[in-house]
Amino acid sequence: MRRPLLPVGLLFFVACGSPAPPPPAPLPQPSATAVTSIAPAAVDSGVAPLPAVSELSARYLEGLFRAKPHLASFAGDHRFDGALPDFSPEAFERREAELSKLLAEVASVHPTSFDDVVDVAIMNDAIGLELLYIREIRDWEWDPRMNDSFPVYDPREIVAGRISDIMHGDFAPEADRRRSLTAQLRALPAFITQAKAALEKPRGKKKTPKVYAEQAKKENIGRIEFMQTEVRDFTKDDKDAEVARTAAVEALKGYQTFLDKTLGPTADGEWRLGRDLYKKKFGMALQTELGPDEALVAAKKAFDDARAELIVLSKKLAVQLWPADKKQRTDAEIVNRVKEELSKHHPTPDALVSAHAKNLDQMRAFIESHDLLALPPKDTLTVQPMPLFKRGASGAEYLAPGVLERRPSFKATYYVDPIDPTWKKDKVESYLRGQNEYEVQLIAMHEAYPGHHTQFFYSRKNLNPLRAVMWNAAMVEGWAVYAEGQMVTLGWGGADNDRYRFYDLRGQMISCANTVLDVKLQSGSMTDEEAVRFMVEDGFQERAMAEKKLLRAKLDSTQLAQYFLGLAEIRTFEKEYRQKVGDKYSQRGFNEAVIADGSVAVKFLRQKALRP
């Protein structure tokens, strides 16, 4: 195995064996926006000094990686590549005790710099959120998808996605990676036994919802196929690896039987978190002071504003498309008519994935011609079909493993969910209309240039391990939405710019609608039917896209709120930044003020950039 890739501080090992846990530490409140006072340098008083922020962050990450070895692998610390999480009650008790102790230490620390203040706030939210998961959310007892829904990083799938990263990685020689893979395959049967035990007899109040059981069945079928094809190709010449793979496949088949025969028929739990638990999660997961109700009000207003703009633009486009048509129509009829006409231009089912890659070079050239940002090398990104074990819940996804690997090159993947072969013709057409040539290019801007891939490229330049792992998803998603709009505002599409603006405005409405859906569905104040009607009738979304979004909203919580919250914060930051720099404002200067300090909450970026 290659040497550990983290700084020396992260090699401090937290003891795994602990006595009975102390009384639970209270969960912290979401970190405050205002910067707390920065302490002066400590004076020698004969008392043991308080731990430095860097030591605490190193210890937190060390414990996190031991508890979640799949996260360690994804982040680029490959010491734990052969391990799977421990889902035993004793393991969670140990982790709770460890976190409670660390939370008390974080509360006592005295930051000596602005960066320390930011890192303390990140740890405060992250530890509080992890404690909330252990004590109340307890997703391993009701989510059978082999996913980790801890919301401060991607990916979520614990087994197959990680195996794929190890097989295809270049962080170590193939023989070393195969040994790690073999160890993980050997561990899989025991992990599945633990997972089944937790699902059959949950200690918490929640039990498996039907929608989770059904999604788990689909994903596990893809997981088994992946093990029998791609993984087999990697292990076939290694006897020990093949023995481990064969046992792992049998364990996964047994898990499929468990899902079909035992868990599935009794899966009648509530998929919603509920108002109180959702509110507890919201602030810490998103690192925002806005509560769900405040976010809902802001999102509704922004939705209405973008909708009004879309109606005005649609009337302009209607005159261009049908100059001789004088028939009176309602605003909604005009928008839908324009949408139906523009959405006719879409890829064929077989060309959907390649359509997402087709215009990446032109996007790079556009960004360079407008001096918006530096760009990562072209060969750092590939566009690929979504793996079978991840299909069905989202249309596209960007993943960049190994952020902590300190080397000049990196690889990332822009995944596209292909058309489901079981869909009927009318659903395929509806979905492809939602993935029309204008929308596909906006998605590529979001995922690649100047969105996620470009932002990740910048985040690697000045790496802070805590921030790299505990990244702020609202900032990351908000930047990607802001980046789409920036390209359109600067004239992307030339003579067809208004067509892209049409879909950018609808995209802004979708970001707002995502927050409305997340808050209202998870809080129990919106039905499935109301959600789909809101997306299709008020939001002008295609029904197939709306139905897929509804499924996604059920399978996650707070994730859909990231887009609007991050975008709103970046827009506020931009106004304040323009006021501060005046005539010296440049778009590149502002863009780099947003993405050059890693994936941290926008409130901290504002504080840094706007300080006197």
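Residue numbers run from 1 in the order of the sequence given.
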- Query: Can you tell me if NZ on Lys301 sees more than 12 non-hydrogen neighbours from other groups inside 6.0 Å?
  - Reply: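 Result for NZ/Lys301: open.
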- Message: With a sphere of 6.0 Å drawn around NZ of Lys580, does it hold more than 12 non-hydrogen atoms of other residues, nucleotides or ligands?
- Response: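 More than 12 heavy atoms, drawn from other residues, nucleotides or ligands, come within 6.0 Å of this atom.
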Pair [X] + [Y], salt bridge at N-O below 4.0 Å:
X	Y	answer
Lys279	Asp293	no
Arg506	Glu542	yes
Lys300	Asp304	no
Asp417	Lys548	yes
Arg162	Glu157	no
Asp165	Arg177	no
Lys411	Asp170	no

Between [X] and [Y], is any pair of side-chain heavy atoms under 4.5 Å apart?
X	Y	value
Leu372	Leu490	yes
Tyr60	Ile122	no
Val488	Leu442	yes
Val297	Glu294	no
Glu477	Phe564	no
Asp361	Lys378	yes

- Query: Within 45° of the ring axis of Tyr585 and under 6.0 Å from its six-membered ring centre, is that where the NZ or CZ of Arg578 lies?
  - Reply: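 Output yes; distance and angle both within limits.
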- Message: Could you check whether Lys608 makes a cation-pi contact with Phe114, meaning its NZ or CZ is under 6.0 Å from the centre of the six-membered ring and within 45° of the ring axis?
- Response: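 So Lys608 doesn't make the cation-pi contact.
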- Taking side-chain contact (heavy atoms from CB on, under 4.5 Å) as the test, write out the residues that go with Ala601, two or more places apart.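 Result, side-chain contact (heavy atoms from CB on, under 4.5 Å) vs Ala601: Gln287, Asn472, Lys603, Phe604.
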If every non-hydrogen atom of [X] is compared with every non-hydrogen atom of [Y], which pair is closest and at what distance?
X	Y	value
Val594	Met475	O-CE, 3.3 Å
Pro465	Leu404	CA-CD2, 3.8 Å
Leu129	Ala285	CD2-CA, 3.9 Å
Ala75	Val469	CB-CG2, 4.1 Å
Gln522	Leu273	OE1-N, 2.9 Å
Leu71	Phe65	CG-CE2, 3.9 Å

Is there a donor-acceptor contact under 3.5 Å linking the side chains of [X] and [Y]?
X	Y	answer
Tyr503	Asn436	yes
His345	Tyr438	no
His78	Glu405	yes
Ser149	Asp139	yes
His346	Glu439	no
Gln362	Trp492	no
Tyr482	Glu569	no
Gln441	Tyr500	yes
Gln435	His356	yes

- Message: As a quick check of understanding, evaluate side chain to side chain donor-acceptor pair (under 3.5 Å) for Glu592 and Tyr458, giving each step before the final call.
- Response: CA-CA 8 Å; Glu592 292 185 335; Tyr458 268 84; 2.6 Å; yes
- Mind checking what makes salt bridge (charged side-chain N to carboxylate O under 4.0 Å, His left out) contact with Arg571, not counting sequence neighbours?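 Arg571: no salt bridge (charged side-chain N to carboxylate O under 4.0 Å, His left out) contacts found.
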- Pairing residues for Arg364 by the salt bridge (charged side-chain N to carboxylate O under 4.0 Å, His left out) criterion, not counting sequence neighbours: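 With neighbours one apart ignored, the set is empty.
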- Message: Quick check for you: to the nearest 0.5 Å, what is the distance between Gln508 atom CD and Leu310 atom CG?
- Response: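 Here the interatomic distance stands at 10.0 Å.
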- Item | Value rounded to 0.5 Å, distance of NZ in Lys68 from CG in Asp148 |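 Between Lys68 NZ and Asp148 CG, I get 3.5 Å after rounding to 0.5 Å.
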Strictly distance-based, threshold 3.5 Å: is any side-chain N or O of [X] a donor or acceptor partner for the main-chain N or O of [Y]?
X	Y	value
Trp479	His446	no
Thr413	Tyr415	no
Ser164	Ala160	no
Ser73	His70	no
Ser343	Lys339	yes
Thr454	Pro376	no
Gln486	Val481	no

- Could you please spell out the steps behind the salt bridge (Lys or Arg N to Asp or Glu O under 4.0 Å) verdict for Asp115 and Arg467? CA-CA 11 Å; Asp115 281 339; Arg467 300 178 195 180; 3.2 Å; yes
- Apply side chain to side chain contact (heavy atoms under 4.5 Å, CB included) to Val440 and Lys358, showing your working. CA-CA 10 Å; Val440 160; Lys358 184 171 65 174; over 6 Å; no
- Message: According to side-chain hydrogen bond (donor to acceptor under 3.5 Å, both in side chains), who are the partners of Arg460, at least two apart in sequence or on a separate chain?
- Response: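 Counting only residues at least two positions away or on another chain, Arg460 forms no side-chain hydrogen bond (donor to acceptor under 3.5 Å, both in side chains).
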- Message: Between Tyr577 and Phe590, is the ring-ring contact (aromatic ring centres under 6.0 Å, His included) condition met? List the steps.
- Response: CA-CA 7 Å; Tyr577 186 86; Phe590 175 71; 5.4 Å; yes
- Before giving the answer on side chain to side chain contact (heavy atoms under 4.5 Å, CB included), spell out for Leu103 and Asn124 the whole-Å C-alpha distance, their side-chain angles and the decisive distance to 0.1 Å. CA-CA 7 Å; Leu103 183 62; Asn124 191 60; 3.8 Å; yes
- List the steps, then state whether side chain to side chain contact (heavy atoms under 4.5 Å, CB included) holds for Leu313 with Val338. CA-CA 10 Å; Leu313 178 61; Val338 171; over 6 Å; no
- side-chain hydrogen bond (donor to acceptor under 3.5 Å, both in side chains) pairs, two or more places apart, involving residues 511-520: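 Of all non-adjacent pairs touching residues 511-520, those that pass side-chain hydrogen bond (donor to acceptor under 3.5 Å, both in side chains) are Tyr278-Asp518, Asn514-Lys549.
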- Item | Partners meeting ring pair (Phe, Tyr, Trp, His ring centres under 6.0 Å) with Phe410 (sequence neighbours left out) |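 With sequence neighbours excluded, Phe410 shows a ring pair (Phe, Tyr, Trp, His ring centres under 6.0 Å) to His453, Phe456, given in chain and number order.
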- Message: Could you go through Tyr449 and Leu373, starting from their C-alpha distance and side-chain angles, then the distance that decides it, and tell me whether this counts as side chain to side chain contact (heavy atoms under 4.5 Å, CB included)?
- Response: CA-CA 10 Å; Tyr449 309 118; Leu373 289 162; over 6 Å; no
